[in-house]
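Input: a single structure, listed below in structure tokens.
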Amino acid sequence: MPKRLFDPMEHPDWIPPQTAEWHENLALETGGYKYPWNSVFDEPRAEVIFADKITACLRENSRVLDVGCGHGEFTKTFATRSREIVGIDVVEGYIASAKKDSDKSITFDVVDADKPLPFSNDSFDVVYTKKGPWLFHKGMKEGHRVIKPGGMALGLYHCGTDGGLRSLFPGLYSPLPDNYLEEIKAKFERQLSESNLEKIELKIFEEIEYLSRPEDVLIKKCFGQKETLKEIVWEKCLEDVEGIFLRHATSRGLKVANYYALMIGRAT
Ligand SMILES: C[S@@+](CC[C@H](N)C(=O)[O-])C[C@H]1O[C@@H](n2cnc3c(N)ncnc32)[C@H](O)[C@@H]1O
């Protein structure tokens, strides 16, 4: 039976990831939503697959909306491929970073996507989100209002990491439920079928990543947490994590699998 490691989620200073407080802390400490651990990937990376899908929808005169754009690094990759891009995010610190070195065809604004959007009807040919708010949930009107008829809506969501990681580091990570990927697929199928979008594509797929060093297992777990909590986790876990890592790592690093959902629909 492998040793149970310290679970940082049980510490009172743990900030639940992806909450407003967690994003504010990240924006304050780093200015952006950037993964801080070292790793390499098998190609193609999930983000490259998603970028290719978005690019296939773009025309020279397209107007594009990136919902939950974070610090705008991904948004900027489409600058020369469309007429105008708007990146919105609710976290001021991310948008302040995004505005630095921005192309004149891109606008970044602090906007809460849960509220009425500051855009007129039929404004965008393409509306996408990479791990941010999906504007086309059942009963939500804003996504359908701002996208043009025939416009394309795309979403990429990270749905967790495993591929052995969770059983190697019990406590630090918990097992995913049985049928996890089937249930994730059913959830996204429902989400797409309940919207007013015509389904073009839905797939759940794996991205293979190799964490470079033992510390990277802890850096990944503590992404967005305060330095004081990280110090506790390092002290309690690093030695055990080093031992496990060295026994299981390949020459490229410790292999893990990231699960992603990709959704594409057309506005009717
Ligand atoms: C997981 S991060 C992804 C950031 C960026 N798209 C990327 O892939 O690097 C989710 C983003 O959605 C933003 N977000 C969450 N809720 C939002 C809302 N109601 N309105 C606008 N942005 C929101 C967060 O601030 C965060 O930047």
Side-chain angles (χ1 to χ4, degrees), residues 15-37 39 41 44-55 57 64-79 82 85-102 106-119 123-124 126-147 153-161 184 188 191 205 207 209 219-225 258-264:
I15 311 172
Q18 306 298 336
T19 55
E21 182 192 0
W22 185 87
H23 279 295
E24 294 296 347
N25 182 50
L26 199 57
L28 199 68
E29 291 196 352
T30 70
Y33 184 88
K34 292 175 213 153
Y35 292 163
W37 57 90
S39 63
F41 293 84
R45 292 195 56 175
E47 294 195 358
V48 172
I49 292 173
F50 191 51
D52 287 348
K53 296 284 181 187
I54 295 169
T55 302
C57 298
V64 182
L65 178 64
D66 181 341
V67 187
C69 62
H71 62 284
E73 193 175 324
F74 185 73
T75 329
K76 289 173 186 173
T77 62
F78 302 106
S82 48
I85 309 182
V86 180
I88 58 170
D89 204 286
V90 73
V91 176
E92 283 179 30
Y94 290 162
I95 291 295
S97 300
K99 283 184 171 172
K100 290 177 196 154
D101 305 319
S102 184
I106 312 185
T107 313
F108 288 107
D109 277 317
V110 178
V111 172
D112 184 346
D114 291 336
K115 300 199 172 135
L117 298 175
F119 310 114
S123 289
F124 297 102
V126 175
V127 174
Y128 76 81
T129 184
K130 183 160 79 64
K131 303 181 277 186
W134 177 245
L135 295 185
F136 302 92
H137 281 295
K138 186 181 181 187
M140 282 178 71
K141 298 207 172 80
E142 287 298 89
H144 290 290
R145 183 181 69 73
V146 302
I147 196 167
L154 304 95
L156 179 75
Y157 288 95
H158 181 227
C159 304
T161 299
I184 288 281
F188 283 100
Q191 199 162 296
F205 65 100
E207 173 192 69
E209 180 175 16
I219 296 172
K220 180 173 167 59
K221 179 70 194 187
C222 293
F223 178 35
Q225 301 299 323
N258 298 314
Y259 305 123
Y260 278 91
L262 169 75
M263 272 189 297
I264 307 179

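The basis for the numbers below is simple: all heavy atoms, side chains too, and nothing from hydrogens, waters or symmetry mates. Every number for a ligand or one of its atoms is a count from 1 in the order of the listing.
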For the residue pair F74 and F78, does the interplanar ring angle fall in the parallel (under 30°), tilted (30 to 60°) or perpendicular (over 60°) class?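 It falls in the perpendicular class, over 60°.
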Listing request: all salt bridge (charged side-chain N to carboxylate O under 4.0 Å, His left out) pairs with a residue in residues 130-142, at least two apart in sequence or in separate chains.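 Those involving residues 130-142 are E47-K130, E47-K131, E142-R145.
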List the atom pairs, donor and acceptor, that lie under 3.5 Å between side-chain atoms in residues 66-73 and the rest of the protein, sequence neighbours left out.
| residue | atom | partner | partner atom | Å |
| --- | --- | --- | --- | --- |
| D66 | OD2 | T75 | OG1 | 3.0 |
| D66 | OD2 | Y128 | OH | 2.7 |
| H71 | ND1 | Y33 | N | 3.0 |
| H71 | NE2 | E73 | OE1 | 2.8 |

Applying side chain to side chain contact (heavy atoms under 4.5 Å, CB included) to P118 and not counting sequence neighbours gives V111
Going by atom types alone, do K220 and S39 pair a side-chain donor with an acceptor below 3.5 Å? no
Strictly under 4.0 angstrom, heavy-atom based: which residues surround ligand 1? Q18, H23, Y33, G68, C69, G70, D89, V90, V91, Y94, V111, D112, A113, D114, K130, K131, G132, P133
Atom CD of E92: over 12 foreign heavy atoms under 6.0 Å: no
